[in-house]
Amino acid sequence: MDGSEELKRRLDAVHERIELAERRAGRAPGEVEIVAVTKTVDREIVDRAIKLGVRHFAENRVQVARDKFQSPLPSGVSLSLVGQLQSNKVRPAFRLFDQIESVDRASLISALEREADRVGHSASLLLQVNVAREPQKSGCDPTEVDELANAIHNSPHLHLRGLMTIAPLCDDPRELRPIFRWMKNCHDRLAPRAPDDRFNVLSMGMTNDFEVAIEEGATHVRIGRAIFGPSITGLESP
Ligand SMILES: *Cc1c(COP(=O)(O)O)cnc(C)c1O
């Protein structure tokens with residue numbers, strides 16, 4: 001990663017592409033939130049992004065996040081978990097993250113409710129759906145969504161805020177339109193059943209496909225490389 005100017009240039013370009021996609025979809029400019037995925041950069045870069053106005057961040061591994069976010073984030077800045085969560089990492093995850101986006105099974109929902117009850121505060125969750133049923137990927141099967149959403153609604157300390165998906169890798173992101181559309185339909189179907197009106201997050205779209213995701217109704221796009229550049233892991237300067 002280069003200096004702050006490079007970061008600002010990339011961030012401005014992402015904002016511009018988001019706004020164009022919002023316009024194409026007839027949505028209000030500024031409606032879609034950026035979640036900056038910081039798994040390839042260190043804390044110094046995160047702090048620079050905060051200075052440039054980024055308010056939502058995400059990591060995919062609990063242990064990495066624990067090291068990177070030892071010093072607390074300023075108020076108004078949030079951190080989400082977007083990677084698979086093992087039940088034995090629920091305790092540190094609960095402490096670290098404002099929202100867990102990768103909830104995909106009943107046993108994890110029970111473990112989260114137990115921990116929330118133990119520490120005495122609630123948790124915001126998204127249900128991750130593996131729409132294309134890719135065997136390697138986490139996320140629940142599309143047929144399990146209703147049952148898992150109910151399990152969360154029935155957990156006193158857990159609040160379901162919406163849905164998340166990771167679309168398949170694809171050369172032409174337009175081919176992913178049916179996946180994003182499925183998510184939007186599913187979201188609209190579940191929203192009236194939520195106990196409050198805070199079921200309003202549809203987290204989908206990454207560097208390769210965020211514009212199509214926005215056209216299909218994403219409220220949050222999770223972007224790593226377009227903001228921070230390609231991963232520099234293994235190419236560190238001496
Ligand atoms: C890494 C990651 C992203 C961001 O991916 P980019 O292609 O770098 O934009 C988004 N969501 C999840 C779950 C990720 O692990």
Side-chain angles (χ1 to χ4, degrees), residues 1-83 96-99 101-102 126 164-167 169-174 176 180 201-238:
M1 190 68 223
D2 307 314
S4 288
E5 267 170 40
E6 173 72 4
L7 182 59
K8 182 174 185 320
R9 195 185 59 72
R10 285 175 172 280
L11 200 53
D12 287 346
V14 169
H15 276 296
E16 205 173 299
R17 286 169 62 189
I18 289 176
E19 199 177 315
L20 288 171
E22 286 169 335
R23 280 177 202 284
R24 279 197 300 278
R27 303 179 58 182
E31 194 177 285
V32 175
E33 300 268 4
I34 292 182
V35 179
V37 183
T38 51
K39 65 189 174 207
T40 61
V41 295
D42 61 22
R43 179 58 187 264
E44 189 194 333
I45 307 286
V46 176
D47 290 336
R48 281 190 209 163
I50 293 171
K51 288 209 181 86
L52 291 170
V54 179
R55 286 293 167 268
H56 304 295
F57 294 89
E59 284 281 332
N60 68 338
R61 296 180 60 190
V62 176
Q63 187 57 52
V64 172
R66 185 149 57 173
D67 297 339
K68 200 178 295 184
F69 293 92
Q70 257 167 12
S71 56
L73 287 164
S75 77
V77 176
S78 75
L79 184 64
S80 289
L81 178 66
V82 294
L96 263 168
F97 296 100
D98 301 292
Q99 177 164 276
E101 302 202 4
S102 47
L126 303 186
M164 182 272 241
T165 198
I166 303 172
L169 268 181
C170 192
D171 287 334
D172 182 356
R174 287 173 301 184
L176 302 171
F180 295 135
V201 176
L202 189 49
S203 173
M204 59 187 193
M206 306 169 35
T207 291
N208 283 337
D209 55 24
F210 69 86
E211 285 142 313
V212 180
I214 289 170
E215 288 167 15
E216 295 299 330
T219 64
H220 291 67
V221 289
R222 305 181 311 272
I223 301 185
R225 287 167 300 151
I227 296 173
F228 299 113
S231 170
I232 52 163
T233 310
L235 295 173
E236 248 88 303
S237 44

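Everything quoted here is computed from the prediction, not taken from an experiment. Only this structure's heavy atoms are used, side chains among them; waters, hydrogens and symmetry mates stay out.
Side-chain contact between S80 and H56 is absent, with no heavy atoms from C-beta onward closer than 4.5 Å. At a threshold of 4.5 Å between non-hydrogen side-chain atoms, the residues C170 and N208 do not count as touching.
Put simply, the side chain of T219 never gets that close to the backbone of V201: no donor and acceptor are under 3.5 Å apart. Looking at E22, its side chain never comes within 3.5 Å of a backbone N or O of I214 through a donor-acceptor pair. At distances below 3.5 Å, not a single donor-acceptor pair connects side-chain atoms of E215 with backbone N or O atoms of R24. Of the possible polar contacts, one joining the D98 side chain to the L79 backbone as a donor-acceptor pair under 3.5 Å is found. Proximity of a side-chain donor or acceptor of R43 to a complementary backbone N or O of S71 within less than 3.5 Å is detected.
For residues 58-76, every residue pair satisfying the salt bridge (Lys or Arg N to Asp or Glu O under 4.0 Å) rule, not counting sequence neighbours, is listed here: E59-K68.
For the pair K51 and D47, the salt-bridge criterion is not met [side-chain N within less than 4.0 Å of a carboxylate O]. Taking 4.0 Å as the cut-off between side-chain N and carboxylate O, R9 and E6 count as a salt-bridged pair.
The CD atom of E101 sits 13.0 Å away from atom CE of M204, with the distance rounded to the nearest 0.5 Å. We find the CG-CG distance between L52 and L7 to be 5.0 Å, quoted to the nearest 0.5 Å. The distance from the CD atom of E33 to the OG atom of S78 is 8.5 Å, given to the nearest 0.5 Å.
Residues passing the side chain to side chain donor-acceptor pair (under 3.5 Å) test with E211, sequence neighbours excluded: R17.
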- Evaluation steps, side chain to side chain contact (heavy atoms under 4.5 Å, CB included), between I45 and T38: CA-CA 8 Å; I45 307 286; T38 51; over 6 Å; no
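Counting all heavy atoms, side chain and backbone alike, D209 lies closest to A167 at OD2-CB, 3.7 Å.
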